[in-house]
Amino acid sequence: MLRKVARLFVIKTRVEAYLIIFALALGAMTRGAHYTLQYPGVGGYLLFAATGGAVFLGGAKILDALRYEREARNPANATPPEGS
């Protein structure tokens with residue numbers, strides 16, 4: 001039973017990943033908007049950009065992890081590494 005509940009928290013498809021990344025971006029941009037109000041000027045805008053950048057990095061990592069997991073399950077469909 002615990003295993004079934006744990007499966008709910010595993011990202012299985014790219015659509016699920018995009019939905020999670022969208023939710024992260026929405027929260028980060030809201031937080032960034034608060035930073036611009038709390039820290040007026042360049043500092044607030046730099047923090048706003050940092051929150052957006054963190055979502056880009058996290059989203060890329062989530063999508064890469066999905067690809068690596070798919071290749072680990074089915075090595076026959078694995079793409080060769082770049083530069084080979």
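Throughout, residue positions are numbered sequentially from 1 according to the sequence presented.
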Check your understanding: Apart from Leu46 itself, what residues make up its hydrophobic cluster when side-chain heavy atoms of I, L, V, M, F, W and Y under 4.5 Å apart count as a link, directly or indirectly?
Key -> Val42
Study note, to complete from the structure: With sequence neighbours left out, the residues meeting side-chain contact (heavy atoms from CB on, under 4.5 Å) with Thr36 are Tyr45, Phe48
**Study point:** Nearest non-hydrogen partners of Pro40 and Leu37, listed with the distance
**Key:** CD-O, 4.0 Å
Check your understanding: Taking everything shown except Leu2 itself, do over 12 heavy atoms lie less than 6.0 Å from its CG?
Key -> no
Practice item. Could you note down all residue pairs passing salt bridge (charged side-chain N to carboxylate O under 4.0 Å, His left out) where residues 48-66 supplies at least one of them, sequence neighbours left out? Key: Asp64-Arg67
Review point. Nearest 0.5 Å, what's the CE-CG distance between Met29 and Leu24?
Key: 10.5 Å
Revision key, fill the gap. On a heavy-atom basis, the closest approach of Ile11 and Leu66 is O-CD2, 3.4 Å
Practice item. Name all residues meeting the side-chain contact (heavy atoms from CB on, under 4.5 Å) criterion together with Tyr35; count only those two or more places apart in sequence or in a different chain, and write none if there are none. Key: Arg31, Gln38, Tyr39, Leu47, Thr51
N/O donor-acceptor pairs under 3.5 Å from side chains in residues 13-22, not counting sequence neighbours:
| from | atom 1 | to | atom 2 | distance (Å) |
| --- | --- | --- | --- | --- |
| Thr13 | OG1 | Glu16 | N | 3.3 |
| Arg14 | NH2 | Tyr18 | OH | 2.9 |
| Glu16 | OE1 | Lys12 | N | 2.7 |
| Glu16 | OE1 | Thr13 | N | 3.4 |

Review point. Mind checking what makes side-chain contact (heavy atoms from CB on, under 4.5 Å) contact with Arg73, not counting sequence neighbours?
Key: Glu69, Arg70
